[in-house]
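Structure record follows, encoded as structure tokens.
Proteins get letters first, then strands, A, B, ... in listed order; numbering begins at 1 in each.
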Amino acid sequence: MKIAAWNVNSLKVRLPQVLDWLAAQQPDVLCLQETKLTDAQFPAEALRAAGYHGIFHGQPTYNGVAILSRVAPTAPLCGWPDGNDNQARLCAASVGSLRVVSVYVPNGQSVASDKYVYKLAWLARLRAFLADELLRHPRLVLLGDFNIAPTDRDVYDPVAWGEEVLCSPAERAALAALHELGFHDSFRHLYPEAQAWSWWDYRAAMFRRDLGLRIDLILVSTALVPAIAAAGIDREARRAERPSDHAPVWLELGDLP
DNA sequence: ATGCCGGCACGTTGCCGA
């Protein structure tokens, strides 16, 4: 079972790359962030032709999340369950015995901005949602663009970044609160010491210089930890012509009893 | 120096991203 997440920074622009990646990597599930498409614009037919069902939740211009799956997903959730959903950043679905939650956590802009306050409130809301979701779905995968570098090890220059947005103590505490629910960072589980990035700024030749952050994560619930078999980040996708600024992150799960 | 790059929108510049 291979499950992946990719912030594509416009699915309209990146659809050919997504189709190529699906064909080459054959994931069972691919969660997309920043589709920047309305539901009416979502390329469901092209993805279906490639062998994938889709759950999608979008809006004009900004945000937008989706779950692509080889087997038909069930029990879809598009946006927060209470329906109060101004920004399309959350969707979920069941795939086989797994519950998959795809998130595009707000960026926060800077620690002094209203957007940062919104980000922390959004993360608190996510925690409450997940606490409830876990009651019904103990085998839960939570993945996507978290817009948080979990530790200094996930930052190319921790001194320069300091306590700026993506690295601030309050954001990391919000992520730690998810770990307290029983979520585990699958990449870190396999590679406690590794330094690897999932995002490189388009500017200042950051990819060429390999200066980035690891902010795209695949967290698994405690029940799934024994199934963690392999994980990685596909840097090759970031090398493409006209790439997203994020690389796909992926996780291979073995069979569970 | 707060821009660099890139996507988007009733576009020719401003906004947002991270």
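Within 4.0 Å (heavy atoms only), A:F207 reaches no atom of the nucleic acid at all. Residue-level contact check: A:N63 touches neither bases nor backbone, having no heavy atom under 4.0 Å from any strand. Looking at heavy-atom distances under 4.0 Å, A:I215 makes contact with sugar-phosphate atoms alone, never a base. At a threshold of 4.0 angstrom between heavy atoms, the contacts of A:N147 are confined to the sugar-phosphate backbone, with no base atom among them. Contacts of A:Q109 with the nucleic acid, taken as non-hydrogen atoms under 4.0 Å apart, include base atoms.
Remark: A:D185 engages A:R214 in a salt bridge, criterion side-chain N to carboxylate O under 4.0 Å. Taking the charged nitrogens against the carboxylate oxygens, A:D152 and A:R172 do have a contact shorter than 4.0 Å, which makes a salt bridge. A salt bridge links A:R136 with A:D132: the closest approach of a Lys/Arg side-chain nitrogen to an acidic carboxylate oxygen falls below 4.0 angstrom.
The CD atom of A:Q87 sits 17 Å away from the P atom of B:dC15 (whole-angstrom rounding). One interatomic measurement links the two molecules: NZ of A:K36 to P of B:dC15, which rounds to 16 Å at whole-angstrom precision. For the pair A:Y62 OH and B:dC15 P, the interatomic distance rounds to 10 Å; values are reported in whole Å. If you measure from atom CH2 of A:W199 to atom P of B:dG6, you get 14 Å, rounded to the nearest angstrom. We find that CE of A:M206 is positioned 10 Å from C1' of B:dC4, with the value rounded to whole Å. Between the P atom of B:dG6 and the CZ atom of A:R242 lies a distance of 9 Å, rounded to the nearest Å. Protein atom CZ of A:R203 is 14 Å distant from nucleotide atom P of B:dC16, rounded to whole Å. Per the geometry, NE2 belonging to A:H246 stands 13 Å off C1' belonging to B:dC5, to the nearest Å.
Within the structure, a side-chain polar atom (N or O) of A:Y104 is placed less than 4.0 Å from OP1 or OP2 of B:dA18. When the side-chain nitrogen and oxygen atoms of A:N7 are compared with OP1 and OP2 of B:dA18, one or more of them lie within a distance under 4.0 Å. Listed pair A:T61 / B:dA9 meets the phosphate criterion, a side-chain N or O lying under 4.0 Å from OP1 or OP2.
With P as the reference atom, B:dA18 and B:dG14 are 22 Å apart, rounded to whole Å. Look at the P atom in both B:dC4 and B:dT13: the space between them is 14 Å, to the nearest Å. For the C1' atoms, the distance from B:dC5 to B:dC10 is 25 Å, rounded to whole Å. Atom P of B:dG11 sits at a distance of 23 Å from the matching atom of B:dG6, rounded to the whole Å. B:dT12 sits 29 Å from B:dA1 when the P atoms are compared, rounded to a whole Å.
Out of B:dG7, B:dA18, B:dC8, the shortest distance to the side chain of A:K12 is found at B:dC8. Listed nucleotides: B:dA18, B:dG6, B:dG7. Nearest to the side chain of A:Y202: B:dG6.
Taking CG of A:D210 as the reference point, atom CZ of A:R235 lies at 4.5 Å (rounded to 0.5 Å).
Mapping A:L11 and A:P106 onto DNA chain B via the closest heavy atom, the residue that lands nearer the 5' end is A:L11.
Between A:W199 and A:H246, the ring-plane angle classifies as tilted under the 30° and 60° cut-offs.
Looking at heavy atoms from C-beta onward, A:L175 lies in side-chain contact with A:L217 at the 4.5 angstrom threshold.
With a 3.5 Å ceiling on both atom-pair distances, B:dG3 lacks any Watson-Crick or G-U wobble partner.
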